[in-house]
Each structure stands twice: as structure tokens, then as C-alpha cells.
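Take a look at the structure below.
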Protein chains: 2
Amino acid sequence: MNPTIKDVAKHANVSIATVSRILNSTSAGYSEGTKKRVKAAIEELGYKPNAVARGLINNKTQTIGVLFPNVSGMVTSELLHGIENVTHQLGHSVIVCNTASQGKRTLDYLQLLNEKRVEGILFASEMLTDEYYEAIKDMKVPTVLVSTKSQKHLLPYVKVDDQDAAYTAASYLIEKGHRKIGMISGNPDDMIAGLPRIEGFQAALRDHGLLTEKPSVFSAEGFSYKEGMEMFKKLRQEGEDITAVFAASDEMAVGAIASAYKMNIAVPNDISIIGYDNIKISEMAIPPLTTVAQPLREMGEKAAELLFEMLKTGEDGQSIIMPHRIVERESVKEL
Amino acid sequence: MNPTIKDVAKHANVSIATVSRILNSTSAGYSEGTKKRVKAAIEELGYKPNAVARGLINNKTQTIGVLFPNVSGMVTSELLHGIENVTHQLGHSVIVCNTASQGKRTLDYLQLLNEKRVEGILFASEMLTDEYYEAIKDMKVPTVLVSTKSQKHLLPYVKVDDQDAAYTAASYLIEKGHRKIGMISGNPDDMIAGLPRIEGFQAALRDHGLLTEKPSVFSAEGFSYKEGMEMFKKLRQEGEDITAVFAASDEMAVGAIASAYKMNIAVPNDISIIGYDNIKISEMAIPPLTTVAQPLREMGEKAAELLFEMLKTGEDGQSIIMPHRIVERESVKEL
DNA sequence: TTGAAAGCGATACCAT
DNA sequence: ATGGTATCGCTTTCAA
């Protein structure tokens with residue numbers, strides 16, 4: 001077995017109370033001499049404090065839980081990276097939960113995190129259902145939403161304003177001289193990343209007097225590469241005169257590029273494409289993809305910081321709207 | 001505060017011992033009647049067992065630690081996905097640690113995981129230094145290496161045979177009629193993913209009587225897209241007659257494709273390219289990348305399974321060589 | 001400056 | 001079938 005504080009105490013000829021004080025560098029409570037002896041004993045025995053026991057008595061586990069659909073997505077892995085960074089910097093650990101894995105495990109995960117007594121929760125990029133909210137509320141630990149939000153339940157969130165960002169993307173296309181612009185979107189029933197982006201897109205067209213009665217928006221179920229390909233094909237069938245398209249995700253945009261390539265239509269010469277996210281593949285596309293960047297890594301960091309802020313102050317936490325920006329590469333041509 | 005087992009006991013008019021028995025469905029030790037009463041009390045109070053307290057007495061935290069360099073890489077996130085899957089299925093949690101994040105934190109992480117008393121460790125895709133090994137050994141918990149190995153320290157590992165896989169890739173090119181073949185590799189000092197792939201490549205050439213005195217291997221520091229671009233340029237400068245190239249990673253391969261595109265040389269018509277990994281971008285490349293696939297997700301799963309096997313049996317664990325296979329897409333032309 | 005002892009929330013052994 | 005209690009490894013009064 002691992003040596004315990006008792007062993008150290010015995011070895012140094014002091015009480016466990018004293019060892020504890022030294023371990024926690026409690027202000028005074030021991031002399032320099034004993035401190036040395038104890039430190040020596042710790043060293044010699046290779047003693048490592050037991051965080052579990054500590055957690056029990058302090059009611060603090062120094063651990064937070066992070067809930068993600070698909071851990072392996074490029075968006076989420078960037079978020080995770082940011083989260084992990086500041087979390088560990090602050091001496092805590094992160095337990096990851098992949099909610100989309102198999103069936104509706106989200107509730108099970110929440111239960112698990114509750115039993116493990118995590119000190120906080122980061123809930124990422126999935127719709128927060130009433131059910132989830134109740135479970136979270138029951139846990140009575142600070143929670144922040146990452147890259148998602150809920151108007152019904154007021155939990156603080158960290159995300160970019162999807163509608164604004166989409167508006168920016170469409171406006172960018174318009175500035176570049178495009179007049180017939182189409183969109184490849186995710187699910188319009190998705191109130192987080194679906195509808196808002198469509199609305200932002202349409203708002204930009206409207207504000208520039210470009211909104212026709214039948215706006216060319218092609219919606220898929222998700223945001224995948226494959227769906228990007230399909231929707232691009234449809235869009236192209238519907239109207240040959242479209243000179244630019246806004247894709248609701250970089251994956252979709254890359255799919256659109258691939259689709260265009262197959263149909264022998266050149267990007268950006270025949271048609272311009274702008275994406276959304278700015279994940280790694282966007283610079284690897286041919287041509288490199290112009291896109292609306294979300295500062296994913298930083299969003300993860302900010303979310304974690306906010307969570308720990310709440311943990312420290314006990315206050316409610318202010319949502320943070322992260323800035324988005326256009327990253328110009330080579331998939332959009334000026335008309 | 002959360003209700004404790006004591007509260008439940010009081011509420012149901014039984015002792016905590018009985019509640020505990022019911023909680024753990026210990027074979028008998030209580031009547032159906034009391035069981036009902038206790039269950040009701042639990043329900044009513046919203047009691048959730050405290051895993052920390054359990055962990056203290058059982059010396060079992062139901063948690064494992066996973067060490068990764070760059071959590072956000074596409075290779076690692078696939079591995080993580082597989083790991084998370086089976087780990088949670090088995091009722092455990094995973095704490096992720098991003099070792100490359102800032103400086104040499106690996107040792108700190110190990111220390112942290114030790115204090116948190118994780119029951120096992122998955123160490124991924126980084127060289128296992130003596131230092132790390134010692135720290136791990138001190139923890140006395142089962143450990144398995146994922147996508148890496150160590151010949152010095154015998155810890156079980158789960159990975160594909162890099163040399164074999166590289167051999168397969170080169171052979172594939174040769175079968176397709178290529179005779180002048182180049183390679184874009186990672187760091188030859190990397191004994192895991194660097195050298196073995198180079199050696200496998202060369203072995204294939206040799207076995208087919210194609211090994212010239214100056215084999216065209218261009219080595220970078222890492223396996224990045226950018227380095228793929230650079231190395232392709234160099235390779236092209238050195239010899240215009242090369243008809244096919246084997247890239248040591250998909251990212252590099254895609255970089256090579258981009259580089260080729262810029263130099264106006266067509267893939268696969270002017271030059272064929274085969275990658276390594278089969279991550280998501282390989283199907284999204286233009287043209288879609290033919291590559292040697294590592295079953296990443298499954299490797300994560302197998303590694304976790306192996307770890308839990310060791311946990312259960314207390315035995316030493318057998319390394320697993322995962323199968324690789326060629327995924328044919330469109331970046332290689334038959335000559 | 002130091003130590004004894006009371007918990008933290010569970011489990012499990014020993015009685016009854 | 002049940003309850004009392006020691007115990008897990010540690011922190012933190014309270015006394016000395």
C-alpha cells in the first residue's frame with residue numbers, strides 16, 4: 001500500500017496533525033526544525049497525499065466535468081483543448097463525457113458526475129433540454145454552457161453570436177460584389193447553430209435589398225462534409241446564376257468545394273464559398289477556405305475561467321459573447 | 001448540503017448499515033419491506049451516494065487517467081473517443097491530460113493522477129522516457145501504451161506495426177507500377193512514428209530491388225500539413241522523375257497535395273500520393289486520399305479493454321498489434 | 001509549537 | 001434481518 005500521513009508522522013516522530021499542517025503550509029503551527037524532519041520523511045517514504053481523502057473532508061474534488069457530443073469532432077476538440085488548459089493550470093482535472101456516444105447517456109453522465117462530486121460543469125454544443133437542466137440544477141454546482149445557450153433556463157454561456165457571425169459572412173460576400181448568394185445550412189430546427197445562422201444570412205440580404213421571395217437556402221440535417229456536398233449539388237441545380245455561397249460550417253464548405261470540383265466548376269473563379277468555424281481543415285482545403293472564425297480554443301478557456309470565477313465568488317456568472325472575425329483566404333473572389 | 005446515507009437511514013428508520021446493503025444490493029441482509037421503505041426515502045430525499053467516500057474506503061475511484069500530447073489533434077481525438085466509449089461503458093470515468101500544452105507538464109500530470117488515485121493509466125502517442133516510466137511504476141497501477149511503445153520498459157501497448165504498415169504502403173505503390181518512389185517522413189529520431197516508417201518504406205523498395213544508393217526520403221521535424229508542403233517541394237526539386245510518394249501522415253499527404261497543386265502538377269496524374277492514418281480529412285481532400293488506415297477508434301477501445309482486463313485479473317497484459325489496411329481512394333494512379 | 005480527537009460519508013465485520 | 005462500530009486518509013478545532 002501507499003504510505004499514509006500516519007506513516008509519515010511515525011517516521012518523523014510527530015503527530016499527523018503536524019504533518020498535515022506542513023503539507024498544507026498552514027500559517028505557522030510548527031518550527032523550521034520539524035518541518036525539515038517531516039519533509040525528509042515524506043521524501044524518504046515517497047509519500048503522496050491522497051486526494052480522495054482530502055476531497056471527502058473538504059468537500060472539494062478539484063475536478064470538473066465536461067459534456068460533449070462527439071469528442072472527436074474538430075470543433076469540440078479545440079474547445080476541449082482550451083478547457084483543459086486553464087483547468088489544469090488552476091490545479092483541477094477534467095473528466096470528459098461523450099454524450100452522443102450511445103443512446104441518451106447524457107442523463108447517466110450527469111448522474112455519474114454528481115456522484116463523483118465534480119465541482120462544476122461545462123456543457124458544450126448540445127441543446128440543453130429541460131430534463132438536463134433539472135438534473136444540473138439538482139447538482140447545485142456552477143455550470144456554464146459552451147458554444148450553446150438556452151433562453152429558457154438562464155445558465156451563463158460562452159459563444160459567438162451565430163446570427164451576427166452569419167450576417168458578417170453574408171455581408172462580406174456582398175461587399176465583394178456578389179448579388180446572387182446562396183446558403184448551405186444545418187438544421188433549421190436547431191435553435192443554436194441552425195436557425196440563427198440562416199436568419200443572420202437573410203438579414204444581411206434584406207438589409208442590402210437582396211432578399212428575393214425565395215431565398216436560396218438549402219438545409220441539411222447536420223453540418224457534415226457529406227451534407228455539404230449534397231446541398232451544394234441541390235443549390236447548383238436550383239440556380240446556375242448564384243455566384244457565392246455561405247456554408248454553415250467549414251466541413252460543409254469543404255464538401256461544397258469538393259462537389260464543385262467534381263462538377264467542374266472552379267472555386268473561386270466560377271463560384272465563391274465562405275465557411276464557418278475556422279477549424280484546421282479550412283487552411284488545408286484547395287483553395288484555402290475563407291471563413292468566419294470562431295475563437296474555439298479561447299472559448300474553451302474563457303468558459304473554464306468563468307466557471308472557476310463562479311466557483312470562487314459564488315456569484316452567478318455573466319455570459320460572454322466571443323468575437324468572430326473573417327479570415328480571408330482564397331475561396332472568395334471579388335466581383 | 002447533499003443528503004447522506006445517515007439522513008436516509010434516519011428517514012427510513014433503519015441503520016446506515018442496512019441502507020448501505022440495499023444500495024449495493026448485497027445478497028440478502030434485509031427484507032423486501034425495508035427495502036421498499038429505504039428506496040422511498042432515497043427517492044424522497046434525492047439522495048445520491050458519494051463516490052468520494054466510497055472511493056476512500058474501497059480504495060477504488062472508478063477513474064482512469066489518459067495522457068495525450070495535443071488533445072486537439074485528429075488522431076488523438078479519435079483515440080480518445082474509443083477510450084471514452086468503453087471506459088464509461090464499464091462504469092468508469094476518464095480524466096484527460098494534455099501533456100504538450102505547456103512545458104514539460106507530463107510529470108506533474110502523473111503526480112496529479114497519482115494523488116487522485118486513478119486506477120489505471122493510458123499513455124498515448126508520446127515517447128515514454130525513463131523519467132515517465134519511473135513515475136508510472138511508482139504509482140503501481142496498470143498502464144497501457146496507446147499508439148506508442150517502449151522496448152526498454154515493458155509496458156503493454158496497443159498500436160499498429162508502423163514498419164509493416166509503411167512496408168504495405170510502399171508495396172502498394174510498387175504494385176501499381178511505380179518505380180521511382182519518394183517519401184516524406186517525420187523525424188527519423190522519433191523511434192515510434194519516425195524511423196520505423198522510413199525503414200518499412202526502404203525495406204519494401206529493397207525487397208523489390210528498387211533501393212537506390214540515395215533513397216529519396218525527406219524528413220521533417222513533425223507530421224504537419226505545413227511540413228508536408230515543404231518536404232514535397234524539396235522532394236520535387238531533387239528529382240522530377242519520381243512518380244509516387246508515401247507521406248508519413250495524412251496531414252503531410254494533404255500538404256503534399258496542396259503543394260503539388262500550387263506547382264501545377266496533378267495528383268494522381270502527374271504524381272501519386274499515399275498517406276498514413278486515415279483521419280477524416282483524407283476523404284475530404286481533393287482528390288480523396290488513398291492511405292494506410294490505422295483503426296484509431298478501435299485502438300482506443302482495445303487499449304481501454306486491455307487496461308480493465310489488467311485491472312480485473314491483476315495480470316500483466318499482452319500487447320496488441322492492430323491491423324492496418326490500405327484504403328483506396330483517388331490519389332494513386334496505376335501506371 | 002504540538003498533539004488528541006472529532007468528524008467527512010461510506011463499507012464491512014461482528015454482534016444480536 | 002438488522003444495528004453498532006471500526007475504518008479508510010485526511011483536516012481542523014480544542015487543549016496543552
Side-chain angles (χ1 to χ4, degrees), chain A residues 1-39 41-42 45-63 91 112 114-119 139-140, chain B residues 1-39 41-42 45-63 91 112 114-119 139-140:
Chain A
M1 275 310 298
N2 277 312
T4 75
I5 197 173
K6 239 185 219 165
D7 300 317
V8 176
K10 207 167 297 175
H11 205 83
N13 257 312
V14 293
S15 73
I16 63 170
T18 300
V19 177
S20 175
R21 288 189 193 101
I22 291 171
L23 245 33
N24 301 287
S25 6
T26 306
S27 54
Y30 50 84
S31 70
E32 272 305 310
T34 54
K35 176 171 170 181
K36 276 225 170 66
R37 284 214 321 285
V38 171
K39 289 270 188 198
I42 289 175
L45 298 176
Y47 167 76
K48 299 280 179 276
N50 183 330
V52 180
R54 278 185 168 163
L56 180 58
I57 195 159
N58 296 330
N59 227 344
K60 287 198 160 55
T61 51
Q62 309 254 96
T63 304
L112 186 75
N114 192 357
E115 297 191 0
K116 290 234 161 110
R117 299 297 194 261
V118 296
E119 295 186 50
M139 297 179 60
K140 298 187 204 94
Chain B
M1 275 308 301
N2 277 310
T4 74
I5 196 172
K6 241 184 219 165
D7 300 316
V8 176
K10 208 166 296 175
H11 205 83
N13 257 312
V14 294
S15 74
I16 62 171
T18 300
V19 177
S20 176
R21 287 186 194 104
I22 292 171
L23 246 33
N24 300 287
S25 6
T26 307
S27 53
Y30 49 83
S31 69
E32 272 305 310
T34 54
K35 175 170 171 182
K36 276 225 169 64
R37 286 213 320 286
V38 170
K39 289 270 188 199
I42 288 175
L45 297 176
Y47 166 77
K48 300 279 177 279
N50 184 331
V52 180
R54 278 185 168 162
L56 181 57
I57 193 153
N58 298 330
N59 229 340
K60 288 199 159 51
T61 51
Q62 309 255 98
T63 303
L112 187 74
N114 191 359
E115 297 191 1
K116 291 233 161 114
R117 300 297 194 259
V118 296
E119 296 187 48
M139 297 178 60
K140 298 187 203 94

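Here is the naming used below: chain letters follow the sequence lines, and residue numbers restart at 1 for every chain.
Residues passing the side-chain contact (heavy atoms from CB on, under 4.5 Å) test with B:I57: none are found, sequence neighbours excluded. Remark: A:K10 pairs with no residue by the side-chain contact (heavy atoms from CB on, under 4.5 Å) rule, at least two apart or across chains. By the side-chain contact (heavy atoms from CB on, under 4.5 Å) test, B:N58 pairs with B:R54, B:K60, sequence neighbours left out. Residues meeting the side-chain contact (heavy atoms from CB on, under 4.5 Å) test with A:N59, sequence neighbours left out: B:M1. Listed by chain and residue number, A:S31 satisfy the side-chain hydrogen bond (donor to acceptor under 3.5 Å, both in side chains) test with A:T34 (two or more places apart in sequence, or in another chain). Partners of B:E115 by side-chain hydrogen bond (donor to acceptor under 3.5 Å, both in side chains), not counting sequence neighbours, listed by chain and number: B:Q111. Residues passing the side-chain hydrogen bond (donor to acceptor under 3.5 Å, both in side chains) test with B:T61, sequence neighbours excluded: none.
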Original post:
Could you run down nucleotides 8-16 of chain D 5' to 3' and tag each one B, S or - for protein heavy-atom contact under 4.0 Å?
Top reply: BBBBBB---

Report all side-chain donor-acceptor pairs from residues 12-23 of chain A shorter than 3.5 Å, counting only partners two or more places apart or in another chain.
residue	atom	partner	partner atom	Å
A:S15	OG	A:A17	N	3.3
A:S15	OG	A:T18	N	3.3
A:S15	OG	A:T18	OG1	3.4
A:S20	OG	A:N24	ND2	3.4

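Backbone-only engagement by B:V14 is indicated by non-hydrogen atom pairs under 4.0 Å involving sugar-phosphate atoms exclusively.
Between B:S31 and D:dT2 there is a side-chain polar atom (N or O) within less than 4.0 angstrom of OP1 or OP2.
A donor-acceptor contact shorter than 3.5 Å is absent between the side chain of A:K48 and the backbone of B:M139.
An angle of 40°, rounded to 10°, separates the two end axes of the helix from C:dT1-D:dA16 to C:dT16-D:dA1, each defined over five pairs.
Think of the region where chain B sits on DNA chain C: with heavy atoms and a 4.0 Å cut, that region ends 5' and 3' at C:dC8 to C:dC13.
Contact annotation: the side chain of B:N50 never approaches that of B:T4 to less than 4.5 Å [non-hydrogen atoms, C-beta and beyond].
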